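The structure presented is a predicted model; accordingly, all values stated were derived computationally and were not measured. Indexing begins at 1, ligand by ligand and atom by atom, following the structure's order.
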Amino acid sequence: MIDLRSDTVTLPTPQMREAMYRAEVGDDVYGEDPAINRLQEMAAERLGKEAALFVASGTMGNACAMLAHAGRGEAIIVGDESHIYRYEGGGAPMLGGCPMKVIPTEPDGMLDPLKVKLNIDDGSDEHSARTVLLCIENTHNRCGGTALSVEQVEMLTTLAHAHTMKAHMDGARVFNAAVALDIPVSELVRSVDSVMFCLSKGLSAPVGSLLVGSRDFIKRAHRARKALGGGMRQAGILAAAGIVALEQMVDRMAEDHENAQRLAHGLADFPQIDIAVERVMTNMVMFSVRNSAQESLTEADTLQFLAKTQEHGALMGTMGGGKIRAVTHYGIDAQDIAAALAAIRRALIEMRL
Ligand code: TLP
């Protein structure tokens, strides 16, 4: 089965398994796990920040960040298509009593600075919650893996800082962004106050994410992690795989991006497929299917289409509204892309589209 549902399905590499077997571990709640300490130091250095914290997941990392930046009754500005807003179980509003101010996400994953500005509140009016944090996402998942440039990121962080707000980046796939833009990741995150990135997506480690920022911020995030039950004892077993991920799996992401291009161009050859090839910047391909009347398939027909491609050996996911997502990753090569395109062709024929 060619599994393109997500890069979260990646399996640990043989080098990771070896490193996990050999990992030197200790009790991380005492701060005594050498593998975790090393991973945290590596992450902080790589992203150009003071400190880092190993967390169980991207969702936990974002939650810790929001809890560390915003207190009860302090508002957070997010995009309506952001992962933080849509897929994290309510996160900071539920856990920390921080309201979210939601503004539309632009098709490239950007937030319109004017709309951000209109939603900033300095708290001088006792009727409204003071906005203390702006969250941005890079790459942007629901926008199809689009990468925000340094200039776009800095436009938003400058605005936030001018209003004494902090800026957090949900950088679950920030290494994909840096590879696609061909810049060091530290340059891309230079102006944000905190970043969460995932080891368990395109970097192929089995579990874990890192939250990175100033020493003070990480101290507060550490407390939030504790409150969320995220103290993980001998989790150096997991961190060992994360170290291999950072050392060996970043540069190869360019292959995933090439395969996403292959897939996107192959899809564009089918008249029934609606795809904006120019939007494909990293390892995600978003498209929809049209029927003979040139209408997008209903959700039910989209699910049937996906069941058919699965019968023919290719798994993909639906994002709702007839949108289909295919994600390339470690373990998927150019031949797999050709096979996935063949499965899609057969599904289109069998559904008489
Ligand atoms: N994304 C998953 C699903 O939850 C949709 C995926 O398959 O893409 N931020 C972003 C931008 C993400 O895409 C994800 C996971 C997370 C945060 C959360 O990471 P985890 O799953 O580790 O909690």
Side-chain angles (χ1 to χ4, degrees), residues 3-12 43 53-67 76 78-92 94-95 100 105 108-111 135-148 153 168-178 180 185 188-189 192 194-212 221 224-225 228-230 232 235 238-239 241-242 245 253 256 260 281-286 306 315-321 323-332:
D3 194 345
L4 302 173
R5 284 172 304 167
S6 183
D7 45 12
T8 59
V9 303
T10 42
L11 300 175
L53 183 70
F54 185 55
V55 289
S57 65
T59 302
M60 184 185 274
N62 283 333
C64 290
M66 290 185 282
L67 294 176
I76 303 172
V78 295
D80 63 345
E81 295 289 358
S82 65
H83 196 277
I84 283 179
Y85 178 58
R86 296 186 67 119
Y87 297 130
E88 300 188 4
M94 179 178 78
L95 299 164
M100 279 184 177
T105 308
D108 64 351
M110 181 65 176
L111 299 174
C135 292
I136 57 181
E137 188 172 315
N138 203 12
T139 63
H140 200 290
N141 186 343
R142 283 187 60 85
C143 293
T146 46
L148 295 179
V153 171
H168 170 68
M169 183 187 286
D170 173 350
R173 298 183 178 83
V174 73
F175 283 99
N176 290 93
V185 70
L188 191 54
V189 305
V192 294
S194 59
V195 191
M196 181 284 293
F197 73 89
C198 293
L199 297 166
S200 59
K201 301 199 162 59
L203 293 176
S204 304
V207 180
S209 297
L210 282 132
L211 185 57
V212 192
R225 187 187 73 173
L228 295 174
M232 291 194 292
L238 303 172
M253 281 179 159
D256 300 337
M281 290 178 74
T282 59
N283 67 333
M284 286 188 190
V285 180
M286 213 79 101
L306 289 175
L315 267 173
M316 294 175 290
T318 165
M319 302 295 279
K323 259 198 215 166
I324 295 170
R325 185 184 78 161
V327 188
T328 56
H329 50 78
Y330 171 68
I332 296 293

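Here the side chain of Thr146 pairs a donor or acceptor atom with the backbone of Asp108 at under 3.5 angstrom. In this structure a side-chain-to-backbone donor-acceptor pair under 3.5 Å is missing from Arg173 to Gly145.
Atom-to-atom distance recorded for Cys135:SG and Ile76:CD1 is 5.5 Å, nearest 0.5 angstrom. Residue Met319 holds its CE atom at 5.0 Å from CZ of Arg325, rounded to the nearest 0.5 Å.
When only non-hydrogen protein atoms are considered, atom 8 (O) of ligand 1 lies nearest to Arg173 NH2, 2.8 Å. Atom 22 (O) of ligand 1 has its closest protein heavy atom at Gly58 N, 2.8 Å. Of the protein's heavy atoms, Lys201 NZ, 2.9 Å lies nearest to atom 19 (O) of ligand 1. Atom 23 (O) of ligand 1 has Thr59 OG1, 2.6 Å as its closest protein atom, hydrogens excluded (heavy atom only). Ranking protein heavy atoms by distance to atom 9 (N) of ligand 1, first place goes to Asp170 OD2, 2.7 Å. Annotation: atom 11 (C) of ligand 1 to nearest protein heavy atom, Glu137 OE2, 3.3 Å. Distance from atom 3 (C) of ligand 1 to its nearest protein heavy atom, with residue and atom name: His83 NE2, 3.7 Å. What sits closest to atom 7 (O) of ligand 1 on the protein, heavy atoms only, is Ser6 OG, 2.7 Å.
Looking only at atom types and distance, the side chain of Asn283 has no donor-acceptor partner in the side chain of Thr328 under 3.5 Å away. Between the side chains of Thr10 and His329, not a single donor N or O lies within less than 3.5 Å of an accepting N or O.
Shortest non-hydrogen contact noted between Thr105 and Ser82 is OG1-N, 4.2 Å.
Residue Met60 does not touch ligand 1, judged by heavy-atom distances below 4.0 Å. Neither the backbone nor the side chain of Arg86 has a heavy atom within less than 4.0 Å of ligand 1. Contacts with ligand 1 closer than 4.0 Å are made by side-chain heavy atoms of Ala172 only, the backbone lying farther away.
Heavy-atom proximity to Ser57, at under 4.0 Å, picks out these atoms of ligand 1: 22 (O), 23 (O).
Under the 4.5 Å side-chain criterion, counting only non-hydrogen atoms from C-beta, His168 is in contact with Asn62. Contact of the Met169 side chain with the Glu137 side chain is not registered, since no non-hydrogen atoms from C-beta on lie closer than 4.5 Å.
Of the N or O atoms in Arg325, one or more lie within a sub-3.5 Å distance of an N or O in ligand 1. Considering backbone and side-chain N/O atoms, Asn141 comes within less than 3.5 Å of an N/O atom of ligand 1.
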